[in-house]
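Each chain gets a letter, A, B and so on, in the order its sequence line appears, and its residues count up from 1. Just so it is clear, the structure is predicted and the values come from calculations on it, not from any experiment.
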Number of protein chains: 2
Amino acid sequence: MSLTPPVVLDAAITLLDEVGLDGFSTRKLATRLGVRVGALYWHYPSKQALLDAVADHIVGEANAAAVPDDAWPEQAASMIHALRGAMLAHADGARLVATSHTPGPSSRAWIDRLRGLLAEAGMDGFTAENAADVLTCYLNGYAVEEQAHTTHARAETDRRFGFGLDVVLAGLRSLPATSGGAR
Amino acid sequence: MSLTPPVVLDAAITLLDEVGLDGFSTRKLATRLGVRVGALYWHYPSKQALLDAVADHIVGEANAAAVPDDAWPEQAASMIHALRGAMLAHADGARLVATSHTPGPSSRAWIDRLRGLLAEAGMDGFTAENAADVLTCYLNGYAVEEQAHTTHARAETDRRFGFGLDVVLAGLRSLPATSGGAR
DNA sequence: ACCTGAACACCGTTCAAGT
DNA sequence: ACCTGAACACCGTTCAAGT
């Protein structure tokens with residue numbers, strides 16, 4: 001049973017969920033895989049590259065969710081909620097995704113999809129890019145703090161997140177290009 | 001010349017700015033202070049506590065800026081810009097502040113001031129708290145990513161940040177309690 | 001009270017050598 | 001091609017003992 005990048009990635013996700021980002025080490029991962037530390041470096045060039053792959057996998061889980069056939073604010077909200085859900089489903093997932101060094105294919109696909117949806121709504125390329133940026137920055141900022149201090153109950157943080165998302169969406173709706181509310 | 005918490009904190013800030021958060025270690029800090037590693041633990045209980053103190057100091061720099069006597073969106077914008085400036089003025093300042101474990105006195109003062117300003121504008125306590133949350137989450141999300149991938153020029157990221165901040169403020173302005181535009 | 005000396009239990013990464 | 005063995009250069013934290 002040979003080691004492959006997907007096998008290493010899978011074990012990395014499991015380890016992350018068990019010990020968190022601060023407890024995650026290549027040596028623990030090697031032990032889990034029944035292999036010496038150095039072996040990992042044949043499949044991934046560095047710990048950071050491996051963590052980037054984990055981050056991209058998490059975003060990939062969000063990509064699996066379908067976007068409803070609805071108006072653009074609802075579509076955008078569903079994409080944002082899907083990514084938040086995927087991040088919260090893994091220990092320190094938000095911090096991992098938000099501080100990922102180089103975006104992988106799933107991350108690019110997710111952001112392209114969000115931008116595309118906003119462009120469909122009538123925003124020009126520049127505006128769509130900036131609007132997608134505002135949404136993801138709010139999401140990242142919120143989720144990182146939410147996951148760092150798990151002081152409130154999930155239902156409570158969900159409501160607060162929804163409030164903020166509605167605020168951002170209201171702001172986007174007020175932009176000249178989308179005030180018509182096309183599609 | 002004895003070691004005191006402020007002296008340690010000062011050296012920590014200097015070290016952080018020189019080597020960044022990933023390069024920051026208690027051992028390097030001890031060397032700079034001409035002391036053995038263990039000595040630091042007399043003044044700070046852990047590396048994290050020290051980093052939290054650094055984070056709080058950065059927020060303190062933002063608190064030094066005066067808030068203009070203007071309408072609330074301008075006041076909020078000035079506070080947000082001040083904190084972003086303070087974070088960007090230090091290596092990995094955004095990540096450090098956003099992932100700080102326990103908020104210090106300056107952090108509490110900053111958020112209280114922002115909430116107060118929004119309450120003055122006519123928001124009830126709950127709304128003001130949530131509104132301050134949206135603003136800081138957007139700020140943290142944006143600044144963390146901005147500082148992680150310094151791909152664009154500062155003038156460009158400033159403009160993009162301003163765009164997003166205007167969107168959030170527009171969303172907040174559209175809330176029932178503030179649509180009158182009091183103060 | 002404050003610091004040293006020295007240890008403990010770890011890290012990420014590299015690379016010759018094996019198979 | 002893929003992994004071992006073993007090293008290199010580090011970590012954060014603790015704590016008896018010194019002053």
Side-chain angles (χ1 to χ4, degrees), chain A residues 1-57 90-92 95-102 104 148, chain B residues 1-57 90-92 95-102 104 148:
Chain A
M1 200 217 69
S2 67
L3 222 53
T4 60
V7 169
V8 175
L9 179 58
D10 249 50
I13 293 169
T14 305
L15 178 61
L16 174 74
D17 284 341
E18 287 181 24
V19 301
L21 192 51
D22 293 332
F24 185 96
S25 76
T26 56
R27 300 181 102 104
K28 281 181 195 162
L29 180 58
T31 303
R32 302 257 175 145
L33 289 164
V35 101
R36 304 281 163 160
V37 217
L40 298 177
Y41 288 80
W42 182 262
H43 303 281
Y44 286 93
S46 67
K47 180 187 181 182
Q48 187 58 54
L50 178 52
L51 288 178
D52 282 358
V54 173
D56 202 56
H57 178 93
H90 296 279
D92 296 316
R95 202 169 100 212
L96 187 64
V97 169
T99 64
S100 152
H101 281 201
T102 51
Chain B
M1 201 218 67
S2 65
L3 221 52
T4 61
V7 169
V8 175
L9 179 59
D10 250 49
I13 294 169
T14 306
L15 178 61
L16 174 73
D17 285 341
E18 287 180 24
V19 303
L21 191 52
D22 292 332
F24 185 96
S25 77
T26 56
R27 300 181 101 104
K28 281 182 195 161
L29 181 58
T31 303
R32 302 257 175 146
L33 288 165
V35 99
R36 304 281 164 161
V37 218
L40 299 176
Y41 288 79
W42 182 262
H43 303 280
Y44 286 93
S46 67
K47 180 187 180 182
Q48 187 57 54
L50 179 52
L51 289 178
D52 281 358
V54 173
D56 202 57
H57 177 94
H90 296 279
D92 297 315
R95 201 170 100 211
L96 187 63
V97 170
T99 65
S100 153
H101 282 199
T102 52

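Remark: side-chain polar atoms of B/Lys28 are not paired, donor with acceptor, to backbone N or O of B/Val19 under 3.5 angstrom.
A gap of 13 Å separates the C1' atoms of D/dC2 and C/dA17, to the nearest Å. When the P atom is compared between D/dA9 and C/dC10, the two are found 22 Å apart, to the nearest whole Å.
Distance B/Gln48 CD to D/dT13 C1': 14 Å, rounded to the nearest Å. Atom C1' of nucleotide C/dT4 and atom CG of B/Leu3 are separated by 13 Å, given to the nearest angstrom. The nearest whole Å value for the distance from the CG atom in A/Leu40 to the C1' atom in C/dC11 is 14 Å. Separating the CH2 atom of A/Trp42 from the C1' atom of D/dT4 is a distance of 14 Å, rounded to the nearest angstrom. In this structure, NZ of B/Lys47 is placed 11 Å from C1' of C/dC11, rounded to the nearest angstrom. Rounded to an integer number of Å, the gap from B/Phe24 CZ to D/dC11 P is 11 Å. Following rounding to the nearest Å, B/Arg27 (CZ) and C/dC3 (C1') show an atom-to-atom distance of 16 Å. One atom, CZ of B/Arg36, and another, P of C/dA6, lie 8 Å apart when rounded to the nearest Å.
Candidate nucleotides D/dT13, C/dG12, D/dC3 were compared by shortest atom distance to the side chain of A/Tyr41, and C/dG12 ranks first. Side chain of B/Lys28, nearest nucleotide from D/dC3, D/dC11, D/dT13: D/dC11.
If you take NE2 on A/His90 and CG on A/Leu16, they are separated by 8.0 Å, rounding to the nearest 0.5 Å. In this structure, CG in B/Asp17 is found 9.5 Å from CG in B/Asp92, a value given to the nearest 0.5 Å.
Of the nucleotides present, none pairs with D/dC11 by Watson-Crick or G-U wobble criteria with both distances under 3.5 Å. Pair assignment for D/dA16 gives C/dT4, based on Watson-Crick or G-U wobble hydrogen-bonding distances that are each under 3.5 Å.
Residue B/Tyr44 is classed as having no contact, given no heavy-atom separation below 4.0 Å to the nucleic acid. Contact annotation for A/Val35: backbone-only contact, meaning every heavy-atom pair under 4.0 Å involves sugar-phosphate atoms and none involves a base.
Side-chain contact between A/Arg27 and A/Arg36 is absent, with no heavy atoms from C-beta onward closer than 4.5 Å. Counting only heavy atoms from C-beta outward, the side chains of B/Phe24 and B/Leu29 approach each other to under 4.5 Å.
Of the side-chain N and O atoms in B/Ser2, none sit less than 4.0 angstrom from OP1 or OP2 of C/dC2. Considering only side-chain N and O atoms, A/His43 lies nowhere under 4.0 angstrom from the phosphate OP1 or OP2 of D/dA1.
Toward the 5' end of DNA chain D, the nearer of the two residues B/Gly38 and A/Gly34, judged by each one's closest nucleotide, is A/Gly34. DNA chain C is contacted by both A/Gly23 and A/Pro45; A/Gly23 maps to the nucleotide lying nearer its 5′ end (nearest heavy atom per residue).
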